[in-house]
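Here is the naming used below: chain letters follow the sequence lines, and residue numbers restart at 1 for every chain.
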Protein chains: 2
Amino acid sequence: MAPPPLELPTLERLPRETANQWVYRSLRHAVMIGVVPPGRPLTIRDVAATLGVSAMPVREALRRLSSENALAVLDNRRIEVPRMTASRFRELCELRIALECHAADRALPYVSGERLAELAAIDTRLDAAYAAGVREQVTTLNQDFHRRLYEANPNQVVMPLIESVWLQLGPFLHLALSRMREFYQVDRHSEAMAALRRQDPLALRIALEADIRDGITHVGTHELLKAYVESGGGAIA
Amino acid sequence: MAPPPLELPTLERLPRETANQWVYRSLRHAVMIGVVPPGRPLTIRDVAATLGVSAMPVREALRRLSSENALAVLDNRRIEVPRMTASRFRELCELRIALECHAADRALPYVSGERLAELAAIDTRLDAAYAAGVREQVTTLNQDFHRRLYEANPNQVVMPLIESVWLQLGPFLHLALSRMREFYQVDRHSEAMAALRRQDPLALRIALEADIRDGITHVGTHELLKAYVESGGGAIA
DNA sequence: TGCCGGAAAATGTGATCACATTTTTGACGG
DNA sequence: CCGTCAAAAATGTGATCACATTTTCCGGCA
């Protein structure tokens with residue numbers, strides 16, 4: 001049977017943006033919000049036709065996302081969204097914690113009052129989005145919060161790796177958020193900001209790890225992952 | 001004035017290997033051993049002519065290495081080996097330690113007797129190469145040792161990120177090895193293997209961190225980096 | 001001499017085609 | 001009814017071309 005037609009959310013093509021970049025952004029976004037089911041083969045011609053460009057930019061975008069481990073290249077040379085397993089998920093979570101705690105450590109000395117204000121502003125908008133139940137925005141703003149924190153360090157070498165992990169967790173995180181709790185969780189971002197103000201590395205690590213675990217492990221991960229895997233999202237671990 | 005002609009070490013093209021993979025391997029190897037001076041622009045046509053292939057595989061290989069942060073894409077759309085600065089170097093070292101310690105932690109429970117034997121074998125060959133002063137092989141075998149250790153964990157998500165960091169440190173590490181000491185340093189690999197045998201996570205971390213610092217920071221980094229930067233290798237930090 | 005400005009060369013980008021490999025299809029025989 | 005295998009379709013790979021952008025070069029002018 002033929003696979004369902006590929007549907008990609010249309011991202012506006014920025015002025016002076018190359019087709020390459022546009023295709024890359026579109027595919028990346030699609031993967032991140034999980035509209036492409038894991039295991040669904042992404043063929044060059046298919047994506048090209050869907051986005052209305054030639055094969056060339058698609059090839060480079062697919063290759064790029066593969067390098068970032070957002071897509072998997074099979075032996076067949078076919079490309080798909082990687083399937084998730086319970087153990088891979090666990091590894092990704094632990095890796096995310098290790099990476100982000102390290103990034104926070106290295107950013108801490110550079111965090112200025114301005115930066116703190118910016119983080120607070122993002123957090124406010126995040127709370128609003130959370131209260132309004134706008135899932136996609138919650139994800140985006142949460143990532144913004146973390147990204148802007150780590151970017152306080154002017155010598156950025158960690159951020160690209162963190163983005164890679166986010167991409168790999170992306171499809172599933174989005175699913176987890178779909179069962180977003182009504183009640184607020186403990187505000188780990190506030191704790192993190194307090195730690196930043198006190199220049200307290202240990203407290204910062206603790207707050208971040210708790211924040212990540214809250215967002216991932218705590219939201220009924222086990223059941224969610226099980227449902228995800230069983231719905232054809234991936235092989236059994 | 002015209003830049004010096006591009007010279008790339010010729011890697012044998014494996015049977016059934018696509019041009020894409022071959023170009024990727026060649027460029028990657030060239031970057032890793034530091035034959036391409038940082039800042040040297042890598043043009044598609046140039047690489048294509050040097051390797052005797054068309055532009056297509058080169059484009060994808062360059063794009064791929066850029067995604068792995070082995071190459072930098074400038075605003076001009078030009079691609080070059082990233083320039084090194086003292087602070088970027090420091091960040092990369094710390095990141096490497098954080099990543100590899102984490103990887104070792106996650107691999108430890110999976111390390112079998114067979115695996116330990118394999119590591120010991122690699123280490124033996126490494127000692128031989130070190131004694132013989134074969135720089136390139138020392139680098140390769142050292143990486144093999146670390147890679148095979150982390151790969152004990154069957155759910156590999158860290159390794160690609162570590163490889164990325166290796167690539168970014170590559171050009172400079174190679175330089176550092178060029179002043180390889182005559183006397184053996186403390187054998188950190190033995191310490192690591194002892195820790196593995198005892199299933200002792202903390203000792204493993206300590207051994208690995210020491211091993212990495214020995215290989216990087218200890219080999220007169222400061223002077224080397226200074227020389228490297230001043231020789232046109234990168235901007236002043 | 002030093003600096004501007006446009007022409008010429010170099011380079012990246014995107015489209016299209018030919019071909020090799022892989023996957024799917026469907027007819028045939030058990 | 002099911003497995004097998006060859007033909008057909010789909011797909012990835014690599015080459016080549018046309019065009020837009022960028023860089024380099026060089027003559028003219030202050």
Side-chain angles (χ1 to χ4, degrees), chain A residues 1-6 8 11-28 36-37 39-67 70-83, chain B residues 1-6 8 11-28 36-37 39-67 70-83:
Chain A
M1 55 188 171
L6 182 59
L8 296 176
L11 255 54
E12 187 193 5
R13 180 155 176 188
L14 276 45
R16 303 209 15 111
E17 186 179 40
T18 65
N20 199 333
Q21 292 170 305
W22 179 60
V23 174
Y24 171 75
R25 277 201 308 123
S26 300
L27 279 177
R28 182 191 157 93
V36 187
R40 168 74 146 84
L42 283 176
T43 70
I44 296 174
R45 285 170 174 84
D46 206 355
V47 176
T50 305
L51 267 57
V53 295
S54 83
M56 177 76 50
V58 176
R59 284 167 68 163
E60 302 199 354
L62 287 178
R63 195 77 65 178
R64 191 169 161 192
L65 286 165
S66 304
S67 290
L71 299 177
V73 190
L74 278 55
D75 296 332
N76 339 345
R77 298 171 169 174
R78 192 146 296 191
I79 292 180
E80 61 176 39
V81 177
R83 298 162 195 273
Chain B
M1 54 186 170
L6 181 60
L8 297 177
L11 256 53
E12 188 194 4
R13 181 155 175 186
L14 276 47
R16 305 212 10 117
E17 187 179 39
T18 64
N20 198 334
Q21 291 170 304
W22 180 60
V23 174
Y24 171 76
R25 277 200 309 123
S26 300
L27 279 177
R28 183 192 157 93
V36 187
R40 167 75 147 81
L42 284 176
T43 70
I44 295 174
R45 285 170 176 85
D46 206 356
V47 176
T50 304
L51 288 155
V53 295
S54 84
M56 176 76 51
V58 176
R59 285 168 68 164
E60 302 199 353
L62 286 178
R63 194 77 66 179
R64 190 168 160 192
L65 286 164
S66 304
S67 290
L71 299 177
V73 190
L74 278 54
D75 295 334
N76 337 343
R77 298 170 169 177
R78 192 146 297 190
I79 292 181
E80 61 175 40
V81 177
R83 298 160 195 275

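When each of dT11(C), dA15(D), dT13(C) is scored by its nearest atom to the side-chain atoms of M56(A), the top-ranked nucleotide is dA15(D). In this structure, of dG14(C), dG14(D), dT13(D), it is dG14(D) that holds the atom nearest to the side chain of N20(B). Taking every side-chain heavy atom of T43(A) into account, dG12(D) is the closest of dG12(D), dA15(C), dG14(C). Here dT13(D) is the nucleotide among dT13(C), dA15(C), dT13(D) with the atom lying nearest to any side-chain atom of R59(A). Of the candidate nucleotides dT13(C), dG14(C), dT23(C), dT23(C) has the atom nearest to the side chain of N76(A). Ranking dT21(C), dG12(C), dT16(D) by closeness to the R77(B) side chain, first place goes to dG12(C).
In this structure, L74(B) places its CG atom 15 Å from C1' of dT21(D), rounding to the nearest Å. Spacing between atom CZ of R63(B) and atom P of dT11(C) amounts to 17 Å, rounded to whole angstrom units. The distance between atom CG of D46(B) and atom P of dT24(D), rounded to the nearest whole Å, is 14 Å. In this structure, L71(B) atom CG and dG12(C) atom C1' are separated by 15 Å, rounded to whole Å. Atom pair I44(B):CD1 and dT22(D):C1' shows a separation of 13 Å (rounding to whole Å applied). The CD-P distance, from E80(A) to dT22(C), rounds to 17 Å in whole Å. Atom CG in L6(B) sits roughly 12 Å away from atom P in dT11(C) (whole-Å rounding).
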- Query: Where do L6(B) and T43(B) land on the side chain to side chain contact (heavy atoms under 4.5 Å, CB included) test, with the steps shown first?
  - Reply: CA-CA 10 Å; L6(B) 181 60; T43(B) 70; over 6 Å; no
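Between I79(A) and S66(A), the shortest heavy-atom distance links the atoms CD1-OG, 4.0 Å. Across every non-hydrogen atom of V58(A) and V23(A), the tightest pair is CA-CG1, 4.1 Å. The two residues R40(A) and D46(A) make their nearest non-hydrogen contact at NH1-OD2, 3.7 Å.
For R78(B) against dG12(C), a side-chain-to-base donor-acceptor contact under 3.5 Å is absent.
Residue contacts for R45(A): at a heavy-atom cut-off of 4.0 Å it reaches a base atom on one of the strands shown. The residue L62(B) sits apart from the nucleic acid: no heavy atom pair falls under 4.0 Å.
Positionally, the nearest nucleotide of DNA chain D for E17(B) lies more toward the 5' end than for the other of R16(A) and E17(B).
Side-chain N or O atoms of R25(A) include none that pairs as donor or acceptor with a backbone N or O of R13(A) at under 3.5 Å.
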